Amino acid sequence: MPRNQALNRFSQDLYVSHNQILTYLNCSLKYRFHYVEKRKPERISITLPFGKAMHAAEELFYRSMKNGRNKEPLEALLEKFGEVLCTSLEKNASTPIVWKKTTPDKAGALAMGRSMLTAFHESVDLSGYAVVDVELPLTARLYTDDGLPTDFLLVGIIDLLLMDEHNEAVVVDNKTAAQPMAQKTADNDNQMTSYAYLLAANKYVFPTSAVKCRFDVLRKLKSPKLEIVHTARTAQDRKRFAKIANAVLAGIDAGIYMPQPNWMCSDCGYADACKAW
């Protein structure tokens, strides 16, 4: 199911996504501006349209593998990347873009995308794995600590779901980043825990089993490379995530919103509104 169609389906119910939870935890005032007031961003970091374009190209690659076709040609990935990136930039032409050192302008972003996708195409290896699904939309009821169902569904769209040689599910999240991902970061990432919660709730794994997870990190370097970081999520991890999600929902319901200054402020699309708050 296409991502937009899945999101439209989710919107018909009371739902919360990992992005909403993470936004509230990082800065609840930003959550208010974006999700409650639905303000138009004052500026957009290039990392957003760039990441969207990379995801589109990677999705094209993995869908071809799922459908039993040969490896998608590199030129097809580059064409998809350029198309999505340019469309995103045109769509937001009236909003200032925050460019980065590795992507200083449109031409630089296209060049970096070409280098990164070339490295991806040369490095990705699915030996020992079968592609189960790509851009998989899932929903699951959120439960309280006492095991009672809430009114909310947790929703998410998993980048890639694989089956390994042991017939066990492996959830993959595709990332682009300048810096390497530390093992501790991978082990504590709540986004992956939310995906594990969704997989367990939808019976892709047994309720008490750990979920195998991995981050495929495509590095923004002069010579880009694909780095894979493995991790796992236990039943206890998933229970803790549900507790965090319910605490976030309680804060939203109570109207608790406040600024939380951190390293992400430089790219924030609501920096002026925050100062005026």
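Computed from a prediction, not measured in an experiment: that's the story for all the values here. Every heavy atom of this structure was used, including side-chain atoms; hydrogens, water molecules and symmetry mates were not. Sequence positions, counted from 1, serve as the residue numbers for this chain.
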For this session: Report the residues that fulfil side-chain contact (heavy atoms from CB on, under 4.5 Å) with Asn167, sequence neighbours left out, ordered by chain and then residue number.
Result: Met163

Seminar exercise, completed: Across all chains, not counting sequence neighbours, the salt bridge (charged side-chain N to carboxylate O under 4.0 Å, His left out) partners of Arg141 are none

For this session: With sequence neighbours left out, write down each residue that passes side-chain contact (heavy atoms from CB on, under 4.5 Å) with Leu221, or none if nothing qualifies.
Result: Arg219, Lys225

Exercise. Partners of Asp216 by salt bridge (charged side-chain N to carboxylate O under 4.0 Å, His left out), sequence neighbours excluded?
Worked result: Arg214

Seminar exercise, completed: For Lys220, the salt bridge (charged side-chain N to carboxylate O under 4.0 Å, His left out) test, sequence neighbours excluded, returns none

Exercise. Given side chains that start at C-beta, do those of His18 and Asn190 come closer than 4.5 Å, heavy atoms only?
Worked result: yes

For this session: Could you name each residue pair satisfying side chain to side chain donor-acceptor pair (under 3.5 Å) that touches residues 80-98, not counting sequence neighbours?
Result: Lys40-Ser94

Exercise. Going by distance alone, is a donor N or O of one side chain under 3.5 Å from an acceptor N or O of the other, for Tyr24 and Gln20?
Worked result: no

For this session: If you link ILVMFWY side chains whenever their heavy atoms are less than 4.5 Å apart, which other residues fall into the same cluster as Met264? By chain and number, please.
Result: Trp263

Donor-acceptor pairs under 3.5 angstrom involving side-chain atoms of residues 177-184: please list them, not counting sequence neighbours.
residue: Gln183; atom: NE2; partner: Asp187; partner atom: OD1; Å: 3.0
residue: Gln183; atom: NE2; partner: His230; partner atom: O; Å: 2.8

For this session: Applying side chain to side chain donor-acceptor pair (under 3.5 Å), name anything that partners Thr103, two or more places apart in sequence or on another chain.
Result: none

Problem set entry | By salt bridge (charged side-chain N to carboxylate O under 4.0 Å, His left out) - contacts of Lys52 (at least two apart) | none

Sequence neighbours left out, cut at 3.5 Å: what donor-acceptor pairs do the side chains of residues 108-117 make with other protein atoms?
residue: Ser115; atom: OG; partner: Ala111; partner atom: O; Å: 3.3

Show me the donor-acceptor pairs, under 3.5 Å and distance only, between side chains in residues 240-257 and residues at least two apart or in other chains.
residue: Asn246; atom: ND2; partner: Tyr143; partner atom: O; Å: 2.9
residue: Asn246; atom: ND2; partner: Ala242; partner atom: O; Å: 2.9

